[in-house]
Colleague: 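Okay, here's the structure, questions in a sec.
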Amino acid sequence: MAATPASMLSVLARGRTYTRGLHLLVSAAVGPVCTLIYPGFSESLLRTLVWSALVPVPLLVLLGMLPGVRHAEGIQARLLLAPRDENEISLAKAHSFTERWRTSVWLVVRVWWGLLFASLMAQLLSLAGAVATAPAVEGAHQAMGLEIPGGQEYIWYLAFVPPLLLLIGGVVVGAGKVQLVIAVRLLGPSSAERLADAERRADDLLVRNRLAGELHDSLGHALTASVLQAGAARELIDVDRDFAVRALAAIEETGRRALEELELTLGYLKDQEESGPARAARPTLEDIGPLLEASRAAGVTVTCRAPDSLEGVPGVVTREAYRILQESLTNAMKHAPGSAVDVVLDISGGQLELSVANTLVEVADRAPGTGKGLRGLRERAALLGGRATAGADSGRWTVSASLPLKLGS
């Protein structure tokens, strides 16, 4: 679609139009400065322009070979050329000869394009000034090789001033866009940098997914247990006051632990370092006592068989096993309320074996699960090189997990 005067005025109102023009003018100044030092300006404008284009080339090529120059040029290009996506222009230093050579080419092309832009702008501004002042000045004027007569009878020349100004604006906009395209081609990330960036984003996504799993498991269990405990306390408050008090105490403890885990997880999201106390605050199999009591306070009969000591279980394994147990209890309370739950923990053959089983219960109007919890169980086990399964068999729903005690084996 052809540009209209209104759209051109809209583009001229944008700040990046003028920052790009500034970038071009800075580029244009390099050649004349070098020529002024050596060999000096010539009486011939054309010869001066040629010297301005050629004299700085050796210096620019040598500068481009310095690793830090690419970083500096990337910062300047991002600030002044204002790409829509900043990642199109790299801020990394040059680590290979190819990247250094591309930087050298960028510096030369940048200076040449800026010099051409400045020369054309000077001619257009001279033409616009000559046309605008022609009615007020007698005699002929020279601009861009044209002879422009002057005098009051040429007042109609003023009609050409707005189109000339729009043309000048169009040159500024077009030259800035070309400068940006060149910068993206020559200062853009290399294949290695793009691969490293993709790997970094994948790692960030993995961390966020892990944190989302932590929130799902910890807060999901806390809310499910609290809802069931509150319902049981309401039903039995007039019949068994002691049970109601225990249920309310369990709700308080469950909420407190959930707030602690929420604060810890949000700390990770804020890129805080995981300190020793924060790591210790993450629940492990040593903390299953309160977890089981919270389920019992919700009216669930829970039996647990576990070894006397779990000291030989690595920290990461015992933490992931706790989450698997927590999610399994949450599913039992949500999908089989009132059903007895059997928990079995065992260490055998270099594996931590965990089993959580409950009787299947038909509940009317129960919303189907999303399956995220079960996927989370499998992901936690697979992360450690183990496995987790869940399914119904002989009227019971069983979650089983086998986690290696020696990671990487």
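Each residue takes its place number in the sequence, starting with 1.
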Colleague: More than 12 heavy atoms of other residues, nucleotides or ligands under 6.0 Å from CZ of Arg14: yes or no?
Modeller: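 Yes, CZ of Arg14 has more than 12 neighbouring heavy atoms, counting only those of other groups under 6.0 Å.
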Colleague: I'd like to know if Glu73 and Arg70 make a salt bridge, using a cut-off of under 4.0 Å between side-chain N and carboxylate O.
Modeller: no
Colleague: Could you tell me whether the side chain of Ser90 and the main chain of Leu187 form a donor-acceptor pair under 3.5 Å?
Modeller: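 Absent.
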Colleague: Please round to the nearest 0.5 Å and tell me the distance separating atom OG of Ser52 and atom CG of Leu36.
Modeller: 9.5 Å
Colleague: When rounded to the nearest 0.5 angstrom, what is the spacing between OG in Ser339 and CE in Met333?
Modeller: 12.0 Å
Colleague: Could you go through the side chain to side chain contact (heavy atoms under 4.5 Å, CB included) check for Val300 and Leu329 one step at a time?
Modeller: CA-CA 9 Å; Val300 179; Leu329 290 173; over 6 Å; no
Colleague: Would you say Glu99 and Lys93 make side-chain contact, with heavy atoms under 4.5 Å?
Modeller: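 Answer no - side chains too far apart.
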Colleague: Are the side chain of Ser104 and the backbone of Val61 linked by a donor-acceptor contact shorter than 3.5 Å?
Modeller: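 Between the backbone of Val61 and the side chain of Ser104 there is a qualifying donor-acceptor contact (under 3.5 Å).
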Colleague: Can a donor-acceptor pair be found, under 3.5 Å and without considering hydrogens, that links the side chain of Thr318 to the backbone of Leu285?
Modeller: yes
Colleague: Between Thr35 and Gly31 (side chain of the first, backbone of the second, donor and acceptor by atom type, cut-off under 3.5 Å), is there such a pair?
Modeller: yes
Colleague: Starting at CD1 of Ile347, measure out to CG of Leu310 and round the result to the nearest 0.5 Å.
Modeller: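 Between atom CD1 of Ile347 and atom CG of Leu310 there are 5.5 Å.
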Colleague: Could you check if a side-chain atom of Ser27 sits within less than 4.5 angstrom of a side-chain atom of Trp113, using non-hydrogen atoms only?
Modeller: no
Colleague: What's the shortest heavy-atom distance between Ala77 and Pro83, and which atoms?
Modeller: O-CD, 4.0 Å
Colleague: Restricting to non-hydrogen atoms, name the atom on Pro135 and the atom on Tyr154 that form the minimum distance, rounded to 0.1 Å.
Modeller: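 Heavy atoms of Pro135 and Tyr154 come nearest at CG-O, 3.4 Å.
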Colleague: Does any part of the side chain of Gln179, heavy atoms only, come nearer than 4.5 Å to the side chain of Arg20, both counted from C-beta?
Modeller: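 Not touching, per the 4.5 Å side-chain cut-off.
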Colleague: Can you give me the closest heavy-atom contact between Arg100 and Pro67, atom names plus distance?
Modeller: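 Result for this residue pair: NH2-CG, 3.6 Å.
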Colleague: Run the side chain to side chain contact (heavy atoms under 4.5 Å, CB included) test on Val316 and Leu384 for me, step by step, so that the C-alpha distance in whole Å, both residues' side-chain angles and the decisive distance to 0.1 Å come before the verdict.
Modeller: CA-CA 8 Å; Val316 64; Leu384 301 176; 3.9 Å; yes
Colleague: Using a strict cut-off of less than 4.0 Å between a Lys/Arg side-chain nitrogen and an Asp/Glu carboxylate oxygen, indicate whether Asp346 and Arg305 qualify as a salt bridge.
Modeller: no
Colleague: Do Ile324 and Val356 come close enough that some side-chain heavy atom pair is under 4.5 Å?
Modeller: no
Colleague: Tell me if a side-chain donor or acceptor on Trp112 pairs with a main-chain N or O of Leu107 at a distance below 3.5 Å.
Modeller: no
Colleague: Run Val343 and Leu325 through side chain to side chain contact (heavy atoms under 4.5 Å, CB included) and show every step you take.
Modeller: CA-CA 8 Å; Val343 178; Leu325 173 60; 3.8 Å; yes
Colleague: Out of Asp342, Asn358, Leu360, which one pairs with Arg396 under the side chain to side chain contact (heavy atoms under 4.5 Å, CB included) rule?
Modeller: Asp342
Colleague: So, Asp287 side chain and Thr284 main chain: donor-acceptor pair closer than 3.5 Å or not?
Modeller: yes
Colleague: Measure the CD1-OG distance between Ile148 and Ser126 for me, rounded to the nearest 0.5 Å.
Modeller: 7.5 Å
Colleague: How far does CG of Leu292 sit from CD of Gln326, to the nearest 0.5 angstrom?
Modeller: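 One gets 11.0 Å once the value is rounded to the nearest 0.5 Å.
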Colleague: Do you know the tightest heavy-atom contact between Glu353 and Gln351?
Modeller: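 Distance-wise, the nearest heavy atoms are OE2-CB, 3.4 Å.
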Colleague: In this structure, are over 12 heavy atoms from other groups packed under 6.0 Å from Trp106 atom CH2?
Modeller: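 Buried by this count: over 12 neighbours within 6.0 Å.
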Colleague: Hey, is OH on Tyr157 packed in by over 12 heavy atoms from elsewhere, all under 6.0 Å?
Modeller: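 For Tyr157, atom OH is crowded (more than 12 foreign heavy atoms under 6.0 Å).
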Colleague: Less than 4.5 Å apart, any side-chain heavy atom of Tyr18 and any of Leu12?
Modeller: yes
Colleague: Determine, stepwise, if the pair Ile182 / Val178 fulfils side chain to side chain contact (heavy atoms under 4.5 Å, CB included).
Modeller: CA-CA 6 Å; Ile182 298 173; Val178 171; 3.9 Å; yes
Colleague: Can you check whether Leu354 reaches Val344 side chain to side chain, under 4.5 Å on heavy atoms?
Modeller: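 No; the side chains remain at least 4.5 Å from each other.
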Colleague: Within a strict 4.5 Å, meaning less than it, do heavy atoms of the Leu115 and Val30 side chains meet?
Modeller: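 Of all side-chain heavy-atom pairs linking Val30 with Leu115, none is under 4.5 Å.
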Colleague: So do Val399 and Asn331 actually touch side chain to side chain, heavy atoms under 4.5 Å?
Modeller: no
Colleague: List the atom of Leu80, the atom of Thr19, and the distance in Å for their closest heavy-atom pair.
Modeller: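 Closest approach of Leu80 to Thr19: O-OG1, 2.6 Å.
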Colleague: Ignoring hydrogens, what is the shortest heavy-atom contact between Val26 and Gln76? Give both atom names and the distance.
Modeller: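 Between these two residues, the closest heavy atoms are CG1-OE1, 4.2 Å.
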Colleague: CG of Leu186 to CZ of Arg102: how many Å apart, nearest 0.5 Å?
Modeller: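 Result: 6.5 Å between the selected atoms.
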Colleague: Do side-chain atoms of His71 reach the backbone of Leu91 as a donor and acceptor pair under 3.5 angstrom?
Modeller: yes
Colleague: Donor-acceptor pair, distance only, cut-off 3.5 Å: does the side chain of Thr48 make one with the backbone of Ser42?
Modeller: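 It does hold such a pair.
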